[in-house]
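Notes for the one structure printed next.
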Protein chains: 2
Amino acid sequence: MSENEQSSGNEARGRRGGEFRGVEARPRNWLVPVILLSLREWNSYGYELMERATTFGFEAMNPGTLYRTLRQMEKEGIVESTWETSRGGPARRMYTITDAGMTYLDFWAKSLEQYQRTMETFFRMYTGRPPGKGDDETGE
Amino acid sequence: MSENEQSSGNEARGRRGGEFRGVEARPRNWLVPVILLSLREWNSYGYELMERATTFGFEAMNPGTLYRTLRQMEKEGIVESTWETSRGGPARRMYTITDAGMTYLDFWAKSLEQYQRTMETFFRMYTGRPPGKGDDETGE
DNA sequence: GTATATATGTGTAGACTGCACATACTATGG
DNA sequence: CCATAGTATGTGCAGTCTACACATATATAC
């Protein structure tokens with residue numbers, strides 16, 4: 001009931017910042033852990049993973065980016081793939097998460113936790129601005 | 001001669017994940033809002049900002065990266081600078097946040113909030129793994 | 001004047017990713 | 001058979017971010 005409230009928060013990444021260049025908080029390498037998390041639930045392939053990625057704010061995931069990332073991930077050993085041709089339609093490259101991939105996910109989660117604390121610091125500074133303290137000083 | 005001895009704090013960011021390549025959750029462009037936030041409190045210059053940046057996880061901020069970012073920010077109009085030579089030591093380029101910079105910060109904060117929600121989704125998926133549900137299925 | 005601390009910069013290369021484009025297989029309709 | 005559309009995977013290129021190494025200049029202490 002209370003879970004899926006991110007209905008259509010998609011525009012967030014589009015053009016809300018107007019004229020600014022990088023006014024958007026997204027982590028680098030976000031795509032890798034998202035893919036791993038999906039694969040941990042069940043094995044899958046690029047085309048399907050693309051759809052699932054939207055859950056994490058990748059509104060219109062670019063195919064090229066995703067496939068390239070998957071190949072890279074395989075080269076690093078955090079996923080493995082085999083061709084699946086035993087059905088109608090074009091062949092699918094089915095991906096599986098490896099043990100190394102699990103480890104990667106754990107590292108990522110730990111790092112994300114720490115980063116969350118950093119963000120709290122940011123918000124404390126951002127909102128909790130004490131009046132009469134930040135005007136014209138030089139910092140010494 | 002004196003190299004800039006930033007030797008020992010580096011491992012923190014470099015090798016935390018062991019053999020993995022990008023196992024670290026940090027948003028791209030993190031440095032820009034951090035600088036803006038610092039400048040909102042009081043005007044400052046590169047060398048000083050470097051130290052303050054450590055608060056936000058830049059353990060051993062690289063001078064080059066910081067100075068280049070500051071120049072870029074000025075080109076974009078979110079900060080302004082003037083030389084300060086009225087004291088001992090090398091001249092300092094003093095930076096001030098502009099109105100556009102304030103706006104940038106607001107956009108960033110909003111974006112960060114949404115990103116926090118995305119991270120919660122991630123953790124729900126990561127930790128809330130129901131037993132006996134994620135082993136060998138193919139997704140169809 | 002040499003070393004050190006302060007202060008600001010450039011050059012280069014690698015990584016991430018958005019956009020455009022290319023390829024291939026299968027099913028359906030004519 | 002051929003054309004077309006949907007599924008599925010992939011490459012090329014360019015822009016951006018940033019880590020690392022290196023270069024420069026000023027002032028103070030010795």
Side-chain angles (χ1 to χ4, degrees), chain A residues 13-15 20-35 44-51 53 58-76 81-95 139-140, chain B residues 1-7 9-15 20-35 44-51 53 57-76 81-95 139-140:
Chain A
R13 268 202 350 284
R15 281 264 56 121
F20 297 123
R21 207 166 32 86
V23 226
E24 234 189 300
R26 260 182 313 157
R28 57 190 88 180
N29 235 18
W30 194 214
L31 193 49
V32 172
V34 163
I35 290 171
S44 186
Y45 55 99
Y47 200 84
E48 190 189 50
L49 285 166
M50 222 171 359
E51 296 163 18
F58 293 97
E59 200 193 337
M61 171 47 59
N62 186 280
T65 302
L66 182 73
Y67 288 116
R68 181 178 288 126
T69 303
L70 282 169
R71 291 306 209 77
Q72 180 59 33
M73 288 167 72
E74 183 159 25
K75 216 189 315 184
E76 287 170 33
S81 75
T82 52
W83 284 105
E84 183 190 282
T85 50
S86 59
R87 34 163 292 292
R92 296 170 172 174
R93 195 189 277 276
M94 292 298 296
Y95 283 94
E140 274 203 356
Chain B
M1 307 304 168
S2 82
E3 285 98 51
N4 279 331
E5 273 293 77
Q6 45 208 5
S7 46
N10 298 345
E11 289 79 8
R13 260 195 356 279
R15 292 262 54 126
F20 297 124
R21 205 167 32 85
V23 225
E24 231 194 307
R26 257 185 312 157
R28 58 187 85 176
N29 235 17
W30 192 214
L31 193 50
V32 172
V34 162
I35 289 172
S44 186
Y45 56 99
Y47 199 85
E48 190 190 48
L49 285 166
M50 224 167 5
E51 296 164 17
F58 294 96
E59 269 173 84
M61 172 47 56
N62 186 279
T65 301
L66 182 73
Y67 288 116
R68 179 176 289 130
T69 302
L70 281 168
R71 291 307 208 78
Q72 180 61 32
M73 289 168 70
E74 182 158 26
K75 217 190 312 184
E76 286 170 33
S81 76
T82 52
W83 284 104
E84 183 189 283
T85 51
S86 58
R87 32 163 295 292
R92 296 169 172 176
R93 194 189 278 276
M94 292 298 294
Y95 282 95
E140 277 201 355

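In this text, all values refer to a predicted model and were calculated from it rather than measured experimentally.
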Query - Separation of atom CG in B/L66 from atom P in D/dA19, rounded to whole Å - result: 11 Å
Requested in this report: Using only side-chain N and O atoms of A/N29, determine if any of them is under 4.0 Å from OP1 or OP2 of C/dC16.
Outcome: yes
Requested in this report: Work out which heavy atom in B/V34 is nearest to a heavy atom in B/A53; give both atom names and the distance.
Outcome: CG1-CA, 4.3 Å
Query raised in the report: Any donor and acceptor pair, going by atom type alone, linking the side chain of B/E74 with main-chain N or O of B/S81 inside 3.5 Å?
Result: yes
Query - Nearest-Å distance for atom pair CE/P, residues A/M73 and D/dT9 - result: 14 Å
Requested in this report: When you get a sec, tell me which of C/dT17, D/dG10, C/dT6 is the closest nucleotide to the side chain of B/Y47?
Outcome: C/dT6
Report task. For B/Y67 and D/dA19, give me the distance from atom OH to atom C1', rounded to whole Å. Result -> 17 Å
Query raised in the report: In whole angstrom, what separates B/E51's CD from C/dA7's P?
Result: 8 Å
Requested in this report: Return the 5'-most residue of the pair A/P90, A/T65 with respect to DNA chain D, ranking by each residue's nearest nucleotide.
Outcome: A/P90
Query raised in the report: Once you round it to whole Å, what is the distance between P of C/dC16 and CG of A/L70?
Result: 14 Å
Query raised in the report: Do A/L66 and A/N62 touch side chain to side chain, with heavy atoms closer than 4.5 Å?
Result: no
Query raised in the report: Taking the nucleotide of DNA chain C with the closest heavy atom to each, which residue, A/G64 or A/A91, is nearer the 5' end?
Result: A/G64
Requested in this report: Quickly work out the A/Y45 OH to D/dG10 C1' distance and round it to whole Å.
Outcome: 16 Å
**Report entry** Value in whole Å for how far the P atom of D/dA27 lies from CZ of B/R87
**Finding:** 10 Å
Report summary line: Rounded to whole Å, CG of A/N62 lies from P of C/dC21 at a distance of 13 Å
Query raised in the report: Counting only side-chain N and O atoms of B/R93, is one of them less than 4.0 Å from OP1 or OP2 of D/dA25?
Result: no
Query - Pair of N/O donor and acceptor under 3.5 Å linking C/dG11 base with B/R68 side chain - result: yes
Query - Candidates D/dT26, C/dG9, D/dT9 - which lies nearest the side chain of B/W83 - result: C/dG9
**Report entry** Considering all heavy atoms, the nearest B/L49-B/S44 contact
**Finding:** CG-OG, 3.8 Å
Query raised in the report: With respect to A/Y45, which candidate in A/M94, A/R93, A/E84 satisfies the side-chain contact (heavy atoms from CB on, under 4.5 Å) definition?
Result: A/M94
Query raised in the report: Does A/R71 put a side-chain nitrogen or oxygen below 4.0 Å from OP1 or OP2 of D/dG10?
Result: yes
